[in-house]
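Predicted, not measured: the structure shown is a model, and the values here were computed from it. Order of the sequence lines fixes the chain letters, A, B, ..., with proteins taken first and strands second; residue numbering starts at 1 for each chain. Side chains are part of it too, since the values below use all heavy atoms of this structure and drop only hydrogens, waters and symmetry mates.
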Amino acid sequence: MKAKIQNLLAQSIERLVALEELSADAIPKTVPVEASRRSGQGDYATGVAMSMARASGMKPRELADRIQANLPPVDFLERTEIAGPGFINFFLAKQALTGLVGEVLECADKFGRATPGSASRILVEFVSANPNGPLHVGHGRGAAFGDALARLLRAAGHHVDTEYYVNDLGRQMDILCVSVWIRYLQLHDLKVKLPDGAYQGEYIIESARKLEHEESASLVCADTAQIDIQLDEKDATLTELIRRTKKILGEDRFLQLRDDVLADMVEMIRSDLAHFGVQHDRWFFESQVSKLGDVDRAIKALRERGFLYEADGATWFRSSEFGDEKDRVVVRANGDLTYFASDIAYHLDKMRRDYDIVINVWGADHHGYIARMKAAMAASGENPERLEILVVQLATLIRDSVKISMSTRSGEFVSLKELIDETGRDAARFFYILRKSEQHLDFDLELAKRQTGDNPVYYVQYAHARICSVARQVRERGLKRTSADHSLLKQDSELDLLRRLSRFPDVIQSAANDYEPHQIAYYLRDVATDFHSFYNKERILDCEDALRCARLDLIDSVRQVLANGLDIIGVSAPTSM
RNA sequence: GCGCCCGUAGCUCAGCUGGAUAGAGUACCAGACUACGAAUCUGGGAGUCGGGGGUUCGAAUCCCUCCGGGCGCGCCA
């Protein structure tokens with residue numbers, strides 16, 4: 001609808017230019033049209049006459065008058081008016097609103113979705129937590145946001161794939177393996193202590209049990225004196241322990257350990273996500289990039305382009321030339337590649353697949369990496385604009401007004417699974433989505449669990465269930481439904497509801513353009529409000545036949561919009577509660 | 001110290017590329033079912049949009065500055 005009105009305005013302005021009332025350079029790039037906030041100011045409004053006034057040399061109201069006079073006549077508008085300092089307000093014709101009912105029912109689950117016209121191919125990478133334990137409440141936000149974003153972009157007509165990047169190499173992987181191995185040895189009654197800095201969580205013991213199941217005793221080392229070490233420094237202890245573990249087990253058995261542990265961790269994460277209703281289309285492993293030699297190639301290409309130099313024994317990337325604060329190391333003095341190096345290779349891989357836009361959803365604690373990653377893309381000859389890095393602020397949990405902090409290493413965190421089990425999947429997802437991503441999120445457990453009106457999830461779901469309940473009444477009472485005359489819908493509460501429904505396609509477009517799933521959540525609450533208000537004001541089943549049929553169609557279309565919207569944010573639409 | 005995010009009603013937050021009288025929810029107060037689900041609805045009070053400058057017809061929105069909170073600033077992952 002917004003686009004239709006923009007189109008009318010553009011036509012009018014062109015005509016004014018043709019009539020030489022306006023000069024061509026006064027034409028705005030885009031015509032701003034917005035849904036009016038207040039009734040009495042029409043359904044849509046534009047301030048275009050005011051913004052063009054300067055360039056055109058006309059007074060705003062005078063220009064508005066000329067634009068209004070040259071609007072092509074259309075049947076979906078009842079009238080237009082000029083108001084205030086120079087706004088043009090558009091009033092929709094009633095039949096344009098009542099006609100919407102038929103449209104919604106016909107389109108059904110397609111209503112609101114864009115027809116693929118300017119569709120882009122988009123890759124959304126999200127969560128991508130390191131495979132060293134269960135997902136916690138912080139990851140949950142990225143999961144809810146990323147999944148809703150992908151669904152939203154699909155609804156807006158784009159082709160979207162989702163991906164999880166698994167960092168399955170490096171030191172943290174080694175520490176994890178050693179942690180599980182020591183727990184495994186303890187299961188064999190060997191006296192070994194798990195050192196500080198190793199993963200302490202209960203799930204490590206679980207993983208050790210599975211390792212025992214997979215490998216039985218083949219990884220046992222009886223000489224515990226070699227392993228039970230404690231150096232002055234935590235990191236030094238771990239480094240030495242890793243070195244000895246690799247030596248004791250030998251390359252093959254260590255790889256076996258690694259594969260078992262990795263598979264277990266990935267499976268744990270995958271099942272946590274599945275439990276949350278999130279499935280990635282693809283799981284991409286760092287070891288793949290490394291094995292194929294992509295990292296070496298990426299580094300070599302940067303070197304050939306002259307963006308690398310040696311200093312202090314390490315190899316540096318000149319990211320400061322591309323706006324980063326300083327240069328970054330890609331190869332350490334000891335010859336090891338940094339994580340940044342393999343991340344470059346991975347992102348180049350994504351950029352060179354068949355996508356128009358590559359989106360990363362990152363936690364706020366990674367925002368410092370945005371500049372260097374974009375720099376690396378630019379230096380490698382890719383357009384950094386195609387890499388969209390969205391930052392989701394951190395989430396903390398509040399229970400009994402107390403903040404619960406999260407740390408994977410210490411094992412003292414609230415897992416995503418616990419959260420879901422406690423609040424339910426729908427409430428958890430809705431709460432995560434309800435804040436825009438740049439806003440810090442304090443997740444109030446008590447509120448999310450409450451099954452009352454102050455919990456917005458239930459408010460929206462209740463509207464859906466209520467409509468389904470009315471439909472059941474129709475069947476139980478054996479009421480006939482015939483094709484309805486929707487022009488019978490003329491009460492304010494009915495027209496308000498229709499106005500709200502008519503905005504759904506615009507809301508999807510807007511939310512998708514801005515990468516803001518929360519707009520959908522807020523919109524759904526508004527739909528529910530309008531519905532509940534209508535429901536309390538008007539009777540549905542006790543009307544005479546024609547009106548009853550019209551109203552039943554109306555609430556069916558409301559139900560459809562609620563269901564479509566809830567689907568976008570990944571929340572269920574219950575038929576009863 | 002530098003960078004990013006945030007600061008809007010008692011509390012939790014919306015406010016779309018600057019637009020007309022700043023909006024919801026919650027809490028509080030007062031009402032509404034012998035009638036389709038009261039997990040609902042109706043009404044009420046409540047804000048110098050963190051402070052101060054600037055840009056302009058017009059600023060919660062853009063720019064500068066200060067204050068306050070979060071996060072990040074490794075040859076860690």
Name the nucleic acid region contacted by [X], choosing base, sugar-phosphate or nothing; use a 4.0 angstrom heavy-atom cut-off, strictly under.
X	value
A:Ser36	nothing
A:Ala511	nothing
A:Ala311	base
A:Glu310	nothing
A:Ala53	nothing
A:His367	base
A:Leu394	sugar-phosphate
A:Ala333	base
A:Asp312	base
A:Glu34	base
A:Thr315	nothing

[N] OP1/OP2 closer than 4.0 Å to side-chain N/O of [X]:
X	N	answer
A:Arg332	B:rA77	yes
A:Gln393	B:rC4	no
A:Gln519	B:rG15	no
A:His518	B:rG15	yes
A:Ser533	B:rU42	yes
A:Lys436	B:rG15	yes
A:Lys537	B:rA32	no
A:Arg525	B:rC13	no
A:Arg435	B:rC13	yes

Between atom [atom1] in [X] and atom [atom2] in [N], what is the gap in whole Å?
X	N	atom1	atom2	result
A:Gln41	B:rA22	CD	P	12 Å
A:His440	B:rC71	NE2	P	8 Å
A:Asp506	B:rU17	CG	P	15 Å
A:Trp362	B:rC5	CH2	C1'	16 Å
A:Phe340	B:rC75	CZ	P	12 Å
A:Asn89	B:rU21	CG	P	13 Å
A:Tyr523	B:rC16	OH	P	18 Å
A:Arg171	B:rC75	CZ	C1'	13 Å

For [Y], does the six-membered ring have the charged nitrogen or CZ of [X] within the cation-pi criterion, i.e. under 6.0 angstrom from the centroid and within 45° of the normal?
X	Y	answer
A:Arg328	A:Phe317	no
A:Arg503	A:Tyr44	yes
A:Arg372	A:Tyr369	yes

So which nucleotide from [options] ends up closest to the side chain of [X]?
X	options	value
A:Lys326	B:rA77, B:rC73, B:rC36	B:rC73
A:Pro32	B:rC41, B:rA35, B:rU17	B:rU17
A:Gln439	B:rC71, B:rG19, B:rG7	B:rG7
A:Ala45	B:rA20, B:rC36, B:rG37	B:rA20
A:Ala314	B:rC75, B:rU40, B:rG3	B:rC75
A:His366	B:rA77, B:rC71, B:rG37	B:rA77
A:Gln172	B:rA77, B:rA35, B:rA39	B:rA77

Pairwise [atom1] distance, [M] and [N] [rounded to whole Å]:
N	M	atom1	answer
B:rU61	B:rC5	P	15 Å
B:rC16	B:rC76	C1'	41 Å
B:rG15	B:rU8	P	14 Å
B:rA46	B:rA22	P	13 Å
B:rU65	B:rC29	C1'	43 Å
B:rU17	B:rC62	C1'	11 Å
B:rG69	B:rG50	C1'	11 Å
B:rA27	B:rG10	C1'	8 Å

Residue whose nearest RNA chain B nucleotide is more 5′ - A:Phe87 or A:Ala465: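 Between the two, 5'-proximity favours A:Phe87.
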Upstream residue (5' side of RNA chain B) when A:Ile88 and A:Leu169 are each assigned their closest nucleotide: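 So the residue in question is A:Ile88.
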Residues A:Arg548 and A:Asp545 bridged, charged N to O under 4.0 Å: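 The answer is yes: the pair qualifies as a salt bridge.
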Polar side-chain atom of A:Tyr164 near backbone of A:Ala129 as donor-acceptor pair, under 3.5 Å: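 Yes, because the side chain of A:Tyr164 sits within donor-acceptor range (under 3.5 Å) of the backbone of A:Ala129.
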A:Gln393 side chain to A:Ala364 backbone, donor-acceptor under 3.5 Å: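 Not confirmed, A:Gln393 side chain does not pair with A:Ala364 backbone.
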Enclosure of A:Glu385 CD (heavy-atom neighbours >12, cutoff 6.0 Å):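 No - once you tally the heavy atoms of other residues, nucleotides and ligands closer than 6.0 Å, there are 12 at most.
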Atom of A:Leu149, atom of A:Ile359 and distance for their closest heavy-atom approach: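 Closest pair (atom of A:Leu149, atom of A:Ile359, distance): CD2-CG2, 4.2 Å.
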Only pairs with both distances under 3.5 Å count, Watson-Crick or wobble alike; so what is the partner of [N] in this structure?
N	answer
B:rG37	none
B:rC16	none
B:rA59	none
B:rC4	B:rG70
B:rC28	B:rG44

Within-4.5 Å side-chain heavy-atom neighbours: A:Asp343 and A:Tyr165: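 Yes; the side chains approach each other to less than 4.5 Å.
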Side-chain donor/acceptor of A:Tyr535 to base of B:rA38, under 3.5 Å: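 Under the 3.5 Å cut-off, the side chain and the base do not form any donor-acceptor pair.
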Base of B:rC41 paired with side chain of A:Tyr459 (donor-acceptor, under 3.5 Å):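 When only heavy-atom distances are counted, A:Tyr459 does not reach the base of B:rC41 through any donor-acceptor pair under 3.5 Å.
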Stepwise ring pair (Phe, Tyr, Trp, His ring centres under 6.0 Å) check, A:Phe443 with A:Phe431: CA-CA 7 Å; A:Phe443 200 115; A:Phe431 267 68; 5.6 Å; yes
